Amino acid sequence: MACSSMVFLAVFVAAAAAAGSCLPVAAAGEPLPPAGTPLSFREGYTQLFGDSNLALHGDGRRVHISLDERTGAGFASQGAYLHGLFSARIKLPADHTAGVVVAFYMSNGDVYERTHDELDFEFLGNVRGREWRVQTNVYGNGSTAAGREERYGLWFDPTEDFHRYAILWSRDRIIFYVDETPIREVVRTESMGAQFPFKPMSLYATIWDGSSWATSGGRYKVDYKYAPYVAEFADLALRGCAVGGRRACEEPGAAMSPAQRSAMEAFRARYMTYGYCYDRLRYPAPLPECTVGPEAAAFLPSGDARAALRRRGRRHQKRGGADSAV
């Protein structure tokens, strides 16, 4: 490793450690753009599958979807949107959740089977005592062969209370938020071409059995003795340019302030555990939108963050060789 890379790695790890176990919001008085008035389920959404595994509460303002041995569940927005800000407050299932996947995402796969676009928040369950992981992904024009996954830990327990997760999608950038903090930005570049999502999409929420891959590459499966697994959704908001809408639509602003960008960089230094731009085994030549600098020294050739693996190893030692779920 070059000397400059070693110095950067030391600074990167020190910055991550200095961020501590909690992270403040992006900046006092600088919330993410307003999400619009939350809609009740009947006003804006429709059930996709799961029959009685979808339950409405609070006059349809809260939605519970559950996974048991019979089925998972899911719902979608009634309309499709071209750009906008889409958000929900979500509380995830607790206890042993290995193999469970909760997804909150935009997609048009029902309309464009071979050339679909998609923007994903995927929450990946874990064995008891280990944290949920969050994964984001971006697909454009059916580019599923080129996954753009990133994975992160969180600075809070997402099973204890509701937290807001939001996707801001404009014609030139995509920003993922957790509460008030931006955690990822994808800027449209000429080299991405149609792989930047550009067709109208609907909003989806699902819970399902991802035993084949979700926890340690499929090593840990869903254990239905802990079922039902219930994911709770509230304040579902659609502030977008509705396809076929009668009203003029103005896209939410997508620019980040310096304070918000600083908060995003601090989050990524402390909590990012995998980045596709740093996965040299999967992509010997980084995908065209990736700008890889000296921060790459903080990642293994697999794209996994070195600091995350060290933290995981320390937990493993303290537990006397406990399972290695991640």
Side-chain angles (χ1 to χ4, degrees), residues 76-77 79-87 101 103-124 133-152 165-178 182-206 210 213 240-243 249 251-256 261 264-265 268 272-293 295-296 299 301-305:
S77 61
Y81 299 84
L82 182 62
H83 309 137
L85 178 65
F86 310 91
S87 69
V101 178
F104 179 67
Y105 63 104
M106 307 289 297
S107 178
N108 51 31
D110 58 333
V111 179
Y112 304 97
E113 293 185 10
R114 296 180 180 274
T115 59
H116 86 286
D117 305 303
E118 193 168 314
L119 302 173
D120 294 338
F121 263 116
E122 290 179 311
F123 305 92
L124 311 179
R133 283 83 25 77
V134 180
Q135 177 168 286
T136 62
N137 208 343
V138 175
Y139 295 118
N141 208 38
S143 60
T144 54
R148 292 175 164 87
E149 299 96 337
E150 290 187 353
R151 287 190 291 275
Y152 329 88
Y165 304 89
I167 300 170
L168 193 156
W169 170 40
S170 74
R171 65 184 69 250
D172 61 0
R173 71 190 62 228
I174 299 154
I175 304 174
F176 294 85
Y177 293 86
V178 177
I183 67 167
R184 179 181 183 182
E185 179 185 39
V186 180
V187 178
R188 184 174 194 164
T189 63
E190 184 177 351
S191 59
M192 287 184 73
Q195 293 189 20
F196 186 94
F198 66 95
K199 299 185 291 294
M201 293 188 277
S202 298
L203 179 68
Y204 292 82
T206 57
W213 67 276
C241 300
V243 175
C249 176
E251 292 185 15
M256 272 192 274
R261 189 164 298 282
M264 181 177 72
E265 292 171 355
R268 294 171 68 82
M272 186 171 174
T273 61
Y274 170 83
Y276 75 98
C277 283
Y278 308 110
D279 190 339
R280 300 190 296 279
L281 302 181
R282 187 178 181 188
Y283 301 117
L287 293 183
E289 72 275 10
C290 293
T291 302
V292 178
E295 81 284 353
F299 295 85
S302 63
D304 294 302

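The structure displayed is predicted, hence computed values, not measured ones.
- Annotation: ring-ring contact (aromatic ring centres under 6.0 Å, His included) contacts of Tyr165 (sequence neighbours excluded): Phe121, Phe123.
- Here the closest non-hydrogen pair linking Tyr81 and Ser77 is CE1-OG, 4.1 Å.
- Remark: Val111 engages no residue in a side-chain contact (heavy atoms from CB on, under 4.5 Å) (not counting sequence neighbours).
- The salt bridge (Lys or Arg N to Asp or Glu O under 4.0 Å) search around Arg184 returns Glu150, not counting sequence neighbours.
- Put simply, OH on Tyr278 and CD on Glu295 are 3.5 Å apart, with the number rounded to the nearest 0.5 Å.
- Looking only at distances, a side-chain donor or acceptor of Arg133 sits under 3.5 Å from a matching main-chain atom of Leu124.
- Atom CG of Asn108 is separated from atom CZ of Phe198 by 9.0 Å, given to the nearest 0.5 angstrom.
- Paired with Asn141 under the rule side chain to side chain donor-acceptor pair (under 3.5 Å), one option of Arg114, Lys199, Gln195 passes, and it is Lys199.
- Annotation: salt bridge (Lys or Arg N to Asp or Glu O under 4.0 Å) contacts of Glu265 (sequence neighbours excluded): none.
- Remark: Ser170 pairs with Asp172 by the side chain to side chain donor-acceptor pair (under 3.5 Å) rule, at least two apart or across chains.
- Applying the salt bridge (charged side-chain N to carboxylate O under 4.0 Å, His left out) test to every pair with at least one member in residues 275-286, sequence neighbours left out, gives these pairs: Glu149-Arg282.
- Atom CZ of Arg171 sits about 5.5 Å away from atom NE2 of His83, to the nearest 0.5 Å.
- In this structure, Tyr177 and Pro182 have side chains that are in contact, with non-hydrogen atoms separated by less than 4.5 Å.
- Counting only heavy atoms from C-beta outward, the side chains of Leu168 and Ile174 never approach each other to under 4.5 Å.
- Scanning for ring-ring contact (aromatic ring centres under 6.0 Å, His included) contacts around Phe104 gives an empty result, with sequence neighbours left out.
- Annotation for Ala166 and Leu85: closest pair CB-CD1, 4.1 Å, computed over non-hydrogen atoms.
- The distance from the OG atom of Ser87 to the CD1 atom of Ile167 is 9.5 Å, given to the nearest 0.5 Å.
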Practice item. May I have the step-by-step check of side-chain contact (heavy atoms from CB on, under 4.5 Å) for Phe299 and Val292, ending in yes or no? Key: CA-CA 11 Å; Phe299 295 85; Val292 178; over 6 Å; no
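- The ring-ring contact (aromatic ring centres under 6.0 Å, His included) test applied to His116 returns no partner, not counting sequence neighbours.
- With hydrogens and angles ignored, the 3.5 Å screen pairs no side-chain donor or acceptor of Thr115 with any backbone N or O of Tyr112.
- Annotation: ring-ring contact (aromatic ring centres under 6.0 Å, His included) contacts of Tyr276 (sequence neighbours excluded): none.
- Two residues are said to be in side-chain contact when any heavy atoms from C-beta on lie closer than 4.5 Å; Tyr105 and Thr206 meet this criterion.
- The two residues Phe176 and Asp120 come nearest to each other via the heavy atoms CE2-O, 3.3 Å.
- Nearest approach of Tyr152 to Met272, heavy atoms of both residues: CD2-CA, 4.0 Å.
- Residues satisfying the salt bridge (Lys or Arg N to Asp or Glu O under 4.0 Å) test with Arg173, not counting sequence neighbours, are Glu185.
- For the pair Ser302 and Tyr274, the tightest heavy-atom approach, listed with the atom from each and the gap, is O-CE1, 3.1 Å.
- Inter-residue side-chain proximity for Cys277 and Pro286 is flagged as unmet; no heavy-atom pair is nearer than 4.5 Å.
- Rounding to the nearest 0.5 angstrom, the gap separating the CG atom in Asp117 from the CH2 atom in Trp169 is 6.5 Å.
- Considering only residues two or more places apart in sequence or on other chains, Arg151 meets the salt bridge (Lys or Arg N to Asp or Glu O under 4.0 Å) condition with none of them.
- A heavy-atom distance below 4.5 Å is not found between the side chains of Val178 and Val134.
- How far CZ of Phe196 is from CZ of Arg148: 10.5 Å, rounded to the nearest 0.5 Å.
- Between Leu203 and Met106 the shortest heavy-atom distance is CD1-SD, 3.5 Å.
- Remark: Asn137 engages Tyr139 in a side chain to side chain donor-acceptor pair (under 3.5 Å) (not counting sequence neighbours).
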